[in-house]
2 protein chains.
Amino acid sequence: MRKLKTSRQPEILDAALAIADERGLEALSMRAVAERVGVTPMALYGYFRNKDELLDGLVGRLLDRLAPGDPGQTWQERLGAIAWATRRLAREHPSVFPLLLLRTSVTPDGVQVVDQLYQALLDAGVPEADVPRIERLVSTFVMGFALSEVSGRFSDASRDIRLSRGADAPAHRRLAGHLTPDDWDAEFEADLADLMRIIRPV
Amino acid sequence: MRKLKTSRQPEILDAALAIADERGLEALSMRAVAERVGVTPMALYGYFRNKDELLDGLVGRLLDRLAPGDPGQTWQERLGAIAWATRRLAREHPSVFPLLLLRTSVTPDGVQVVDQLYQALLDAGVPEADVPRIERLVSTFVMGFALSEVSGRFSDASRDIRLSRGADAPAHRRLAGHLTPDDWDAEFEADLADLMRIIRPV
DNA sequence: ACCTGAACACCGTTCAAGT
DNA sequence: ACCTGAACACCGTTCAAGT
């Protein structure tokens, strides 16, 4: 295990993120990053042991966007702020965002975000023994929702195909008037409201 | 757009699934699939237009495992059956499962599953206008949970690292005795119970 | 109808060498 | 301390050809 240089790591991650944002994740090759940084591909291996570690670095980069943690007033507001920031992050970096769910990488910033969620749930009155589970429940939904949006699982195309197949899908036929997703912001907000009712039953 | 042969599609998908299960997703190359089928890589292009379409075929293969849909009694039981089947599917095919969330592919089997969920929610008394949203809420959580398990987001390693970083994470320190995930089956069950309370408030 | 061979433009990564 | 060049063992895919 050689010691890695850190000096140009941020610069390299910037280049990698830019490539992913502009041309997608499969355009993100070591060679492309090197070219953007103005260096030979092999030079990158002084800063990251391999491509996997570079991708982990990219995940860290996204998480530090989430970490700031406004002082926030009520637990609902703090929890909502993180949820909306997560969704915004997915829209800003749709190619890289899936890596947050796909790669296990516990970064300091990631821990900070989880800690803020724990605190919000404690303030909401969730019993200590239930807090970690509820945190996983909420964060799993929020990340899954954001991922579904950017990966197209919720897209119009899906809905249309679904409708055209209505013949052998009776419930689809019955709900035909309601399948349209009109306003995703409103849907996300309604979902969060429902989850808050799990956290603190009214 | 040439017309594709279908004769050996199932055989090819079997080979692809086996490779992914045995050696992971990044070992799943056209060349590896071809070798397993006993054919030249180029022969595959008579059955799938490209690798992406082969992966879509793989997603379809997973979805048809979910589709059967037992007659089931209560709406809770039917919804629970699909949720547990989804989680089981992820554990059986951890490498391929993420593609379900990553790739937009609306297959007939996928529509069947969604239709069953719609029907369960209708039977639960959810207003028609809310059914599609609640279906997305539930399926997003279930798939996100299953994905988190197989991708290691919930793993012990994460928890340990989190604990060791407890210094600057006060809520973690306070909850130290409860971070342990002991029983994931129980957690999933508790989560489903909480979601059912959203569906039909007690 | 089904398959092959050769080729093209890519990959990540190792190793030895250069300043 | 930092970077390069050449090389290796891979990729997905096109094209023209073969039975």
Side-chain angles (χ1 to χ4, degrees), chain A residues 1-61 95-96 98-99 102-105 151, chain B residues 1-61 95-96 98-99 102-105 151:
Chain A
M1 278 240 194
R2 288 188 25 266
K3 211 33 200 308
L4 294 175
K5 291 162 253 166
T6 57
S7 49
R8 304 183 73 181
Q9 276 178 358
E11 184 188 350
I12 294 167
L13 291 176
D14 282 342
L17 188 56
I19 291 168
D21 285 344
E22 292 166 13
R23 292 151 54 205
L25 199 60
E26 72 272 15
L28 180 60
S29 67
M30 296 300 272
R31 287 163 142 98
V33 174
E35 189 184 18
R36 186 155 193 138
V37 173
V39 97
T40 257
M42 279 319 300
L44 300 179
Y45 289 82
Y47 299 91
F48 298 93
R49 236 171 300 268
N50 48 45
K51 189 182 181 180
D52 265 19
E53 290 205 357
L54 193 152
L55 293 178
D56 285 341
L58 227 39
V59 168
R61 252 292 207 285
S95 298
V96 178
L99 298 183
L102 255 24
R103 305 185 72 81
T104 312
S105 38
S151 77
Chain B
M1 280 240 197
R2 291 186 25 264
K3 208 41 199 306
L4 295 175
K5 291 163 251 163
T6 58
S7 48
R8 304 183 72 182
Q9 275 179 357
E11 183 188 351
I12 293 167
L13 291 175
D14 283 342
L17 188 56
I19 290 168
D21 286 344
E22 292 166 13
R23 292 153 51 205
L25 200 60
E26 72 271 19
L28 181 61
S29 67
M30 296 299 271
R31 288 164 141 100
V33 174
E35 190 185 19
R36 185 153 192 141
V37 173
V39 95
T40 255
M42 279 318 300
L44 300 180
Y45 289 81
Y47 299 92
F48 298 93
R49 235 169 301 267
N50 49 44
K51 189 182 180 181
D52 264 19
E53 290 206 356
L54 192 152
L55 292 179
D56 285 340
L58 226 38
V59 168
R61 254 289 209 287
S95 298
V96 179
L99 298 182
L102 255 24
R103 304 185 71 80
T104 313
S105 39
S151 76

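So you know, we letter chains A, B, ... as the sequences are listed, proteins then strands, and number each from 1.
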| message | Using side chain to side chain contact (heavy atoms under 4.5 Å, CB included), reason through B/L13 and B/F48 one step at a time and then give a plain yes or no. | response | CA-CA 10 Å; B/L13 291 175; B/F48 298 93; 3.8 Å; yes
Between CD of B/E35 and P of D/dC10 the distance, given in whole Å, is 11 Å
Any Lys/Arg nitrogen of A/R36 or A/E22 sitting under 4.0 Å from an Asp/Glu carboxylate oxygen of the other?
yes
Atom CD of B/E26 and atom C1' of D/dA9 are separated, to the nearest Å, by 16 Å
Distance col, row B/S95:OG vs B/E26:CD, nearest 0.5 angstrom, shows 7.5 Å
- Query: So do the side chains of B/L44 and B/K51 get within less than 4.5 Å of each other, counting heavy atoms only?
  - Reply: no
The side-chain contact (heavy atoms from CB on, under 4.5 Å) partners of A/E35 (sequence neighbours excluded) come to none
Can you tell if the side chain of A/E53 reaches within under 4.5 Å of the side chain of A/L4, non-hydrogen atoms only? yes
Short heteroatom pairs, N/O only, protein and nucleotides 1-3 of chain D, under 3.5 Å:
unit_1 : atom_1 : unit_2 : atom_2 : d
D/dC3  : OP1    : A/R8   : NH1    : 2.6
D/dC3  : OP2    : A/Y47  : OH     : 2.8

B/L44 CG to D/dC11 P, in whole Å, measures 13 Å
Residues passing the side-chain hydrogen bond (donor to acceptor under 3.5 Å, both in side chains) test with B/Q9, sequence neighbours excluded, are none
Rounded to whole Å, CE of B/M30 lies from P of C/dT4 at a distance of 14 Å
ask   = Does any non-hydrogen side-chain atom of B/L17 lie less than 4.5 Å from one of B/D21?
value = yes
Taken to the nearest whole Å, CD1/B/I19 to P/D/dC11 is 10 Å
Would you say that A/V39 contacts A/R8 through its side chain, given a criterion of any heavy-atom pair below 4.5 Å between the two side chains?
yes
Numerically ordered, the residues 50-60 of chain B set in heavy-atom contact under 4.0 Å with DNA chain D is B/N50, B/K51
Whole-Å distance, B/I12 CD1 to D/dG12 P, equals 14 Å
Notebook entry, point to check: Are the side chains of A/L58 and A/L28 in touch, meaning some heavy atoms are under 4.5 Å apart?
Noted result: yes
Expected string for nucleotides 14-19 of chain C under the B/S/- scheme (protein heavy atoms, under 4.0 Å, primed atoms plus P, OP1, OP2 as sugar-phosphate) is BB----
Encoded 5' to 3' (Watson-Crick or G-U under 3.5 Å; [ ] crossing; | other strand), DNA chain D becomes ||.|||||...|||||.||
A/Y47 and A/V37, any side-chain heavy atoms less than 4.5 Å apart:
no
Discussion item. Show, in sequence, the C-alpha distance, side-chain angles and deciding distance for B/V59 and B/V96, and conclude whether the side chain to side chain contact (heavy atoms under 4.5 Å, CB included) test is met.
Written reply: CA-CA 8 Å; B/V59 168; B/V96 179; 5.6 Å; no
- [ ] Give a yes or no on whether a salt bridge exists between B/R61 and B/D14, defined as a side-chain N under 4.0 angstrom from a carboxylate O.
- [x] yes
